[in-house]
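Notes for the one structure printed next.
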Amino acid sequence: MTQSDTDDNQGSARSGGSRLAKIIAHSGLCSRRDAERMIEAGRVKVNGVVVSDPAVNLDDWQGVSVDDRPLSAPPDVKLYRFYKPLGALVTDRDPEGRTTVYDLLPDMGPGAPRLLAVGRLDINSEGLLLFTTSPVLKRKLELPSTGWLRRYRVRVKGKVDDRMLEPLRKGITIDGEAFQPMDVTLDRQQGANAWLTVGLREGKNREIRRAMEAVDLSVNRLIRISYGPFQLGNLARGAVEEVRRKILRDQLGLSAEDMGDTPKAKTVRRQPRGPAKQPQRAARPATRRDKPRR
């Protein structure tokens, strides 16, 4: 195939569908940014022809190959709850060799889709961390426009007066950065520490710790207990559990097609053509009553 043929294919592909880099990312192979690098490096082909433009649009994943290996179909959309313990980094790999959440996840077996962490928790925080097989779902869960409340159990050092928390409820500015109002409840004072429940919708870097420092409180434990409708519950540290598909559909409003479900074939009952035939009765043996009278 000539270069002009390739250009024609790329031009026609732009008319609809999804971007090539997005299709590769949706397959679970890598992130969209990594997919763009692969395409620009000439590692991606469409129907046997190298494509170097990440913005090329295609109808679906069929005919796409990376390093001459056919792209797999996008995995079913799944969501997992994970209890991130203290000391684990939310990253694929750490150059310093520290433990990451991916080191702690159980082996899903050969051919298992790549799991993507939804949002982050810093190394000194613990609690609920969501993982998904779908880059689309990951983005949807992370967007601020979803407006989902994230709740935390927070232990702070010091004597807490409820009036100390009012600035957090109204919204404060720290080093020129505005923080939205938080839902803050004083649960109990326990010796030199106090337990709070904090709810926020933004999730900026170290937001709760920085906000507490602004009102002269020091956080010494932080546990995320919910992310939108998904709860930590009684999940054990380091444990992972799949969210049931019905709950996922109901909470996120996903269709069967969004979930990657294949509709089940309906059982069709065939109706008989014409009137049904009456079953023939077996002939009974003759008796005296059946003989004609003389």
Side-chain angles (χ1 to χ4, degrees), residues 78-92 94 98-106 115-134 137-157 160 165 168-169 171-172 174 177 179-188 190 193-215 217-244 247-248 251-252:
K78 293 185 178 182
L79 187 70
Y80 297 88
R81 296 184 302 123
F82 174 70
Y83 192 136
K84 174 200 167 303
L86 288 172
L89 290 169
V90 184
T91 183
D92 289 346
D94 179 55
R98 292 173 293 181
T99 301
T100 75
V101 290
Y102 288 95
D103 296 327
L104 304 177
L105 288 175
L115 293 183
L116 308 169
V118 177
R120 290 182 178 274
L121 281 174
D122 66 42
I123 192 171
N124 294 318
S125 300
E126 60 185 295
L128 180 64
L129 182 65
L130 299 177
F131 284 91
T132 179
T133 57
S134 168
L137 181 56
K138 169 182 165 67
R139 176 169 173 75
K140 181 173 183 177
L141 294 174
E142 290 177 340
L143 283 174
S145 58
T146 59
W148 275 354
L149 189 68
R150 302 159 198 186
R151 289 195 177 276
Y152 300 79
R153 291 274 289 147
V154 183
R155 189 178 67 189
V156 295
K157 184 178 180 180
V160 179
L165 307 175
L168 306 181
R169 295 171 180 145
I172 60 175
I174 303 174
E177 185 177 6
F179 285 58
Q180 290 186 3
M182 300 178 179
D183 295 337
V184 188
T185 304
L186 173 58
D187 297 326
R188 69 180 186 275
Q190 190 175 30
N193 296 311
W195 280 98
L196 313 173
T197 298
V198 179
L200 51 85
R201 300 181 188 275
E202 278 189 311
K204 293 179 179 178
N205 184 36
R206 301 184 71 254
E207 181 172 356
I208 293 177
R209 296 179 189 277
R210 293 166 63 195
M212 293 299 166
E213 288 173 2
V215 293
L217 295 174
S218 175
V219 174
N220 51 35
R221 192 170 182 191
L222 192 151
I223 310 167
R224 182 155 67 192
I225 58 175
S226 69
Y227 192 110
F230 305 107
Q231 308 291 320
L232 179 64
N234 58 359
L235 202 63
R237 285 183 180 85
V240 61
E241 185 176 285
E242 183 177 355
V243 177
R244 287 188 298 169
I247 294 176
L248 188 56
Q251 295 293 345
L252 301 178

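Computed from heavy atoms alone, side chains included, the values below leave out hydrogens, waters and symmetry copies.
Side chains of Y80 and L105 form no contact here, defined as non-hydrogen atoms less than 4.5 Å apart. Taking 4.5 Å as the limit, every side-chain heavy atom of V243 sits out of range of all side-chain heavy atoms of Q251. Contact of the T132 side chain with the L130 side chain is not registered, since no non-hydrogen atoms from C-beta on lie closer than 4.5 Å. Within the 4.5 Å cutoff, the side chain of K140 has no heavy atoms near those of the S134 side chain. Residues L168 and M212 meet the side-chain proximity criterion, which asks for heavy atoms closer than 4.5 Å.
Checked by atom type and distance alone, the side chain of Y102 pairs as donor or acceptor with a backbone atom of L115 at under 3.5 Å. Of the possible polar contacts, none joining the R237 side chain to the P85 backbone as a donor-acceptor pair under 3.5 Å is found. Judged purely by atom type and a 3.5 angstrom limit, R188 has no side-chain atom pairing as donor or acceptor with the backbone of W195.
To the nearest 0.5 Å, atoms CG (L89) and CG (L121) are separated by 11.5 Å. Atom-to-atom distance recorded for Q180:CD and K204:NZ is 7.0 Å, nearest 0.5 angstrom. Between R81 atom CZ and L129 atom CG the span is 12.0 Å, to the nearest 0.5 Å. For the atom pair NZ (K138) and CG (L116), the distance works out to 6.0 Å, reported to the nearest 0.5 Å. Remark: K84 NZ to S125 OG distance equals 6.5 Å, nearest 0.5 Å. Note that OG1 of T99 and CG of L86 are 12.0 Å apart. Values are rounded to the nearest 0.5 Å.
When all heavy atoms of A88 and L104 are compared, the pair lying nearest together is CB-CD1, 3.9 Å. The minimum heavy-atom distance between L137 and K78, with the atom names listed, is CD2-O, 4.5 Å. A pairwise comparison of heavy atoms in R169 and P181 identifies O-CB, 2.9 Å as the closest pair. Between N124 and R209, the closest heavy-atom pair is O-NH2, 3.0 Å. In this structure, A239 and L235 approach most closely via the heavy-atom pair O-CD2, 3.7 Å. Annotation for I174 and A214: closest pair CD1-CB, 3.9 Å, computed over non-hydrogen atoms.
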| Criterion side-chain contact (heavy atoms from CB on, under 4.5 Å) on M182 and L165, from CA distance to verdict | CA-CA 9 Å; M182 300 178 179; L165 307 175; over 6 Å; no

| request: Could you walk me through whether F179 and I208 pass the side-chain contact (heavy atoms from CB on, under 4.5 Å) test, one step at a time? | output: CA-CA 10 Å; F179 285 58; I208 293 177; over 6 Å; no

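Within a 6.0 Å sphere centred on CZ of R139, other residues, nucleotides and ligands contribute 12 heavy atoms or fewer.
Using a 3.5 Å distance cut-off with no hydrogens or angles, the side chains of T100 and D94 do not pair a donor with an acceptor.
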Quick one: side chains of residues 220-228, donor-acceptor pairs under 3.5 Å with protein atoms, not counting sequence neighbours, listed by atom name and distance.
from: N220; atom 1: OD1; to: R155; atom 2: NE; distance (Å): 2.7
from: N220; atom 1: ND2; to: N193; atom 2: OD1; distance (Å): 3.1
from: R221; atom 1: NE; to: E126; atom 2: OE2; distance (Å): 3.0
from: R224; atom 1: NE; to: L128; atom 2: O; distance (Å): 2.8
from: R224; atom 1: NH1; to: Y152; atom 2: OH; distance (Å): 3.4
from: R224; atom 1: NH2; to: L128; atom 2: O; distance (Å): 3.0
from: S226; atom 1: OG; to: R151; atom 2: N; distance (Å): 3.4
from: Y227; atom 1: OH; to: L141; atom 2: O; distance (Å): 3.0
from: Y227; atom 1: OH; to: R150; atom 2: NH2; distance (Å): 3.4

